[in-house]
Undergrad: 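A single structure is presented below for examination.
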Amino acid sequence: MSTRTFRITVRGSFDALTEDQRAELLAAAPEHDMLRAEFTAEGHLTYDLAARPFFTFRFLDSGEAEADLLDATARAELAAESWLTERGYGFKQLKSQAQDLSQVPLGKRGRREAARAEGRG
């Protein structure tokens, strides 16, 4: 079996932050800017607390079967909850979305590169 790559997005909103927590998050905001968003194994957090209370964690995971996507999603949700809880940040409405990149259709460039790799192009 080949290894599949999964991208998991966990979204939610901060809830009942204290003034100190809000100030802490605002001070760290540049490293959590949406323009720096990436999918990582440990999870990458982005938010714009000055504009709205929502956040997004982006996780990169892998597995060998399509069923492994459910386990990867559960791990991502647990990691997001743990990160928030360890820091004492209240949160609500966690929702996850997962994508198996082996199932994503190739665009024109990807099809061309795949054809070259197979020696047809």
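Just so you know, these numbers use all the heavy atoms, side chains as well, and skip hydrogens, waters and symmetry mates.
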Undergrad: Same cluster or not: are Tyr89 and Phe59 linked, directly or through other Ile, Leu, Val, Met, Phe, Trp or Tyr residues, by side-chain heavy atoms under 4.5 angstrom apart?
TA: yes

Undergrad: Please check if atom CZ in Arg87 has more than 12 non-hydrogen atoms from other residues, nucleotides or ligands closer than 6.0 Å.
TA: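 Yes - once you tally the heavy atoms of other residues, nucleotides and ligands closer than 6.0 Å, there are more than 12.
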
Undergrad: If every non-hydrogen atom of Gln93 is compared with every non-hydrogen atom of Ser13, which pair is closest and at what distance?
TA: OE1-OG, 3.9 Å

Undergrad: What pairs with Asp61 under side-chain hydrogen bond (donor to acceptor under 3.5 Å, both in side chains), at least two apart in sequence or on another chain?
TA: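 Checked Asp61 against side-chain hydrogen bond (donor to acceptor under 3.5 Å, both in side chains); matches are Arg75.
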
Undergrad: Do Leu69 and Leu78 share a hydrophobic cluster, counting only Ile, Leu, Val, Met, Phe, Trp and Tyr and linking them when any side-chain heavy atoms are less than 4.5 Å apart?
TA: no

Undergrad: Any donor-acceptor pair under 3.5 Å linking the side chain of Gln21 with the backbone of Thr18?
TA: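 Indeed, once roles are kept as given, a pair shorter than 3.5 Å links the two residues.
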
Undergrad: Give me the atom names and distance for the closest heavy-atom approach of Ala98 to Thr73.
TA: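 Ala98 and Thr73 have their closest heavy atoms at CB-OG1, 3.3 Å.
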
Undergrad: Quick one: side-chain hydrogen bond (donor to acceptor under 3.5 Å, both in side chains) partners of Glu81, sequence neighbours excluded?
TA: none

Undergrad: Hey, which of Ile8, Thr9, Leu101 is the one that makes side chain to side chain contact (heavy atoms under 4.5 Å, CB included) with Phe39?
TA: Thr9

Undergrad: Suppose we call two aromatic rings close when their centres sit under 6.0 Å apart. Are Phe55 and Phe14 close by that rule?
TA: yes

Undergrad: Applying side-chain hydrogen bond (donor to acceptor under 3.5 Å, both in side chains), name anything that partners Arg58, two or more places apart in sequence or on another chain.
TA: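 Partners of Arg58 by the side-chain hydrogen bond (donor to acceptor under 3.5 Å, both in side chains) criterion, ordered by chain and then number, come out as Thr46.
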
Undergrad: On a heavy-atom basis, which atom in Glu77 and which in Ser96 lie closest, and how many Å separate them?
TA: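 Smallest heavy-atom distance, with atoms named: OE2-OG, 2.5 Å.
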
Undergrad: For Gln97, I'd like to know if atom CD has over 12 heavy atoms of other residues, nucleotides or ligands within 6.0 Å.
TA: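 Check fails, neighbour count at 12 or below.
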
Undergrad: Quick one: closest heavy-atom pair of Glu31 and His44, and the distance?
TA: O-NE2, 4.0 Å

Undergrad: Side-chain contact, heavy-atom cut-off 4.5 Å: Asp68 with Glu64?
TA: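 Yes, their side chains come closer than 4.5 Å.
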
Undergrad: Show which residues join Met34 in its hydrophobic cluster (side-chain heavy-atom contacts under 4.5 Å, direct or indirect), or state none.
TA: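 Besides Met34, the cluster holds no residue at all.
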
Undergrad: With side chains defined as the heavy atoms from C-beta onward, is the minimum distance between Leu84 and Phe57 less than 4.5 Å?
TA: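 In contact.
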
Undergrad: Under 4.5 Å between any side-chain heavy atoms of Leu49 and Arg22, yes or no?
TA: yes

Undergrad: For Asp100 and Ser102, which I'm curious about, is there any donor-acceptor pair between the side chains at under 3.5 Å?
TA: yes

Undergrad: Is there side-chain contact between Lys95 and Val10, with at least one heavy-atom pair below 4.5 Å?
TA: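 No - every pair of side-chain heavy atoms lies 4.5 Å or more apart.
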
Undergrad: Residues in ring-ring contact (aromatic ring centres under 6.0 Å, His included) with His32, at least two apart?
TA: Tyr47

Undergrad: Do Leu26 and Phe54 belong to the same hydrophobic cluster, where Ile, Leu, Val, Met, Phe, Trp and Tyr are linked whenever their side-chain heavy atoms lie under 4.5 Å apart, directly or via other members?
TA: no

Undergrad: Partners of Phe91 by ring-ring contact (aromatic ring centres under 6.0 Å, His included), sequence neighbours excluded?
TA: none

Undergrad: Can you tell me how far apart CG (Leu60) and CD (Glu38) are? Round to the nearest 0.5 Å.
TA: 9.5 Å

